Student: 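Below is a structure I'd like to ask you about.
As the structure is a prediction and not an experimental result, all values here were calculated from the model. Both ligands and their constituent atoms are indexed starting at 1 by order of listing. Computed from heavy atoms alone, side chains included, the values below leave out hydrogens, waters and symmetry copies.
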Amino acid sequence: MDGKTVYSAIQPSGNLTIGNYVGSIRNWLGMQEEYDCFFAMADMHAITVRQEPAELRRRTLELAALYIACGIDPEKCTLYVQSHVPQHAELMWVLNTIAYVGEMERMTQFKDKSQKHADNINMGLMDYPVLMAADILLYQADLVPVGQDQTQHVEITRDLAVRFNNRFGETFTVPKALVLKQGAKIASLQDPAKKMSKSDENPNASVYLTDDRDTILRKFKRAVTDSESEIRFAPQEKPGVSNLLTIYASFTGKNTEEAEKEFAWKGYGEFKLAVGEAVADKLAPVQAEQARLLKEKAYLGGVLAAGAERAYKTARKTLSKVYRKVGFYQGE
Ligand code: TYM
């Protein structure tokens, strides 16, 4: 270990897609061997849009089981539920006082979500990046592995860390986003200009990590490509085909050049089938392991309790430093 700390999280706010897997979880796997890793289920972020409470509870546990089923080892990393560690909300409050309304209003995700949930533009939705900054800064993280869509939030986290350090003295590590060259933005299968998203209304646009083999093959068969027949990696000219090549490469541990060579003389039909099969083959054992773990409620409960306790120890240290720096009376 070279002493670096890694922090990342996923919201238990919907059915996870292969975009979440490729852009984040897959990326975390190698890190747990090298770094001190914290991986959370961001349930506090999830409630910034309306959630059905029973479903949120169920999804949180499913996400924990998924992390482990994908190969995240709870012995090596700290796996925990965000709301189990009260310091997230507490640090967020302090950071709120150095975050400006204007900069939060300019966040792309806030603008998108405000449009999508026009009847529920709540304070939490706007404060979402500040909570994310609190997550990351509490653990003094150096690296934050995320997909493309979250990089703006890591940037604002850096700004807040620097601003706090300048005003109150060195307190926070200034983190860096770690974005993969390949797979940082998996696109929708129905509209390659859009990212694949948990909340897409068209179920054919996203492949969910819970989809069975037939569903996966069908979705890839229907994936939008173009009217040519050439299989080549050219994200600008051929976004649909390039997205499929990226997915294939990510699920087989290859790069897109190798993938392109493999399919150079093949037709779209055969290509789409091969992509679907690669995804289905990889997901089948993960799904089986997740289902097995979900029956082991006591084990999962134990993992989350131990994770929360470990997270709490680090979080408490950072928060008490912050409280001292801002001048909260903590006894003589
Ligand atoms: P969330 O739950 O929307 O997504 C989880 C992770 O998946 C990545 N991702 C994608 N990557 C590639 N292609 C896609 N189509 C795709 N869709 C999603 C996201 O970039 C993310 O890395 N705010 C965060 C959760 C969070 C967090 C944090 C992350 C809360 N606190 C602290 C890092 C550090 C979110 O909503 O991710």
Student: Using atom types as modelled, flag every donor-acceptor pair under 3.5 Å from a side chain in residues 50-57 to any protein atom, sequence neighbours excluded.
Tutor:
| residue | atom | partner | partner atom | Å |
| --- | --- | --- | --- | --- |
| Arg50 | NH1 | Asp119 | OD2 | 3.3 |
| Gln51 | NE2 | Ala46 | O | 2.9 |
| Glu55 | OE2 | Arg59 | NH1 | 2.9 |

Student: What's the shortest distance from atom 23 (N) of ligand 1 to any protein heavy atom, and which residue and atom give it?
Tutor: Tyr128 OH, 2.7 Å
Student: Check whether any side-chain N or O of Asn243 sits under 3.5 Å from a backbone N or O of Pro192 as a donor-acceptor pair, and report yes or no.
Tutor: no
Student: Starting from atom 13 (N) of ligand 1, locate the nearest protein heavy atom and write down its residue, its atom name and how far away it is, to 0.1 Å.
Tutor: Ile186 N, 2.8 Å
Student: Quick one: hydrophobic cluster around Leu273, which other residues, with the 4.5 Å side-chain cut-off, linked directly or via members?
Tutor: Leu217
Student: For ligand 1, indicate whether the residue Gln11 contacts it via side chain, backbone, both or neither (heavy-atom separation under 4.0 Å).
Tutor: both
Student: Assess Lys198 for proximity to ligand 1: is some non-hydrogen atom of it under 4.0 Å away?
Tutor: yes
Student: Any idea which part of Ala184 is under 4.0 Å from ligand 1, heavy-atom wise: side chain, backbone, both or neither?
Tutor: backbone
Student: Please confirm whether His88 and Tyr139 have ring centers closer than 6.0 angstrom.
Tutor: yes
Student: I need the nearest protein heavy-atom contact for atom 6 (C) of ligand 1: residue, atom name and distance, please.
Tutor: Ser24 OG, 3.5 Å
Student: Note the single closest protein heavy atom to atom 17 (N) of ligand 1, along with its residue, its atom name and the distance in Å.
Tutor: Met196 O, 3.7 Å
Student: What do we get for Ala42 next to ligand 1 when only non-hydrogen atoms under 4.0 Å count, side chain, backbone, both or neither?
Tutor: side chain
Student: Indicate, as side chain, backbone, both or neither, the part of Val154 found under 4.0 angstrom from ligand 1 when only non-hydrogen atoms are considered.
Tutor: neither
Student: Keeping the roles fixed (side chain from Gln140, backbone from Thr171), state whether a donor-acceptor pair exists under 3.5 Å.
Tutor: yes
Student: What atoms of ligand 1 come within less than 4.0 Å of a heavy atom belonging to His45?
Tutor: 30 (C), 31 (N)
Student: Under 4.0 Å from a heavy atom of Lys185: which atoms of ligand 1 are those, numbered in the order shown and with their elements?
Tutor: 12 (C), 13 (N)
Student: Under a heavy-atom criterion of less than 4.0 Å, does Asp149 contact ligand 1?
Tutor: yes
Student: Below a 4.0 angstrom heavy-atom separation, can you tell me which part of Asp135, side chain or backbone, both or neither, approaches ligand 1?
Tutor: side chain
Student: Run the ring-centre check on Tyr312 versus His84 and record whether the distance is less than 6.0 Å.
Tutor: no
Student: For the residue pair Thr60 and Asp43, confirm or rule out a side-chain donor-acceptor distance under 3.5 Å.
Tutor: no
Student: Among all protein heavy atoms in this structure, tell me which lies nearest to atom 5 (C) of ligand 1, with the distance rounded to 0.1 Å.
Tutor: Asn20 ND2, 3.5 Å
Student: Is the Tyr80 to Phe39 ring centre distance short of 6.0 Å?
Tutor: no
Student: Within ligand 1, which atoms have a heavy atom of Val144 less than 4.0 Å away?
Tutor: 33 (C), 34 (C)
Student: Looking at Lys254, I'd like to know if its NZ atom is crowded, meaning that more than 12 non-hydrogen atoms belonging to other residues, nucleotides or ligands lie closer than 6.0 Å.
Tutor: yes
Student: Give the numbers and elements of all ligand 1 atoms closer than 4.0 Å to a heavy atom of Ile10.
Tutor: 2 (O), 5 (C)
Student: Suppose we measure from atom 37 (O) of ligand 1 to each protein heavy atom; which comes out shortest, and what is that distance?
Tutor: Gln150 NE2, 3.8 Å
Student: Quick one: does Ala141 get within less than 4.0 Å of ligand 1, heavy atoms only?
Tutor: no
Student: Taking the ring centre of each residue, are Phe251 and Tyr21 less than 6.0 Å apart?
Tutor: yes
Student: Would you say the side chains of Thr215 and Asp212 form a donor-acceptor pair under 3.5 Å?
Tutor: yes
Student: What protein heavy atom is closest to atom 25 (C) of ligand 1, reported as residue, atom name and distance in Å?
Tutor: Ala9 O, 3.4 Å
Student: Under 3.5 Å, is there a donor on one side chain and an acceptor on the other for Gln82 and Asp135?
Tutor: yes
Student: Considering only non-hydrogen protein atoms, determine which one is nearest to atom 11 (N) of ligand 1 and report residue, atom name and distance to 0.1 Å.
Tutor: Gly19 O, 3.2 Å
Student: Report the part of Thr17 (side chain from C-beta onward, or backbone N, CA, C, O) that has a heavy atom under 4.0 Å from ligand 1; answer both or neither where that applies.
Tutor: neither
Student: Examine distances only and state if a side-chain atom of Asn15 and a backbone atom of Tyr208 form a donor-acceptor pair shorter than 3.5 Å.
Tutor: no
Student: For Gly183, counting its heavy atoms only, list the atoms of ligand 1 lying under 4.0 Å from any of them.
Tutor: 12 (C)
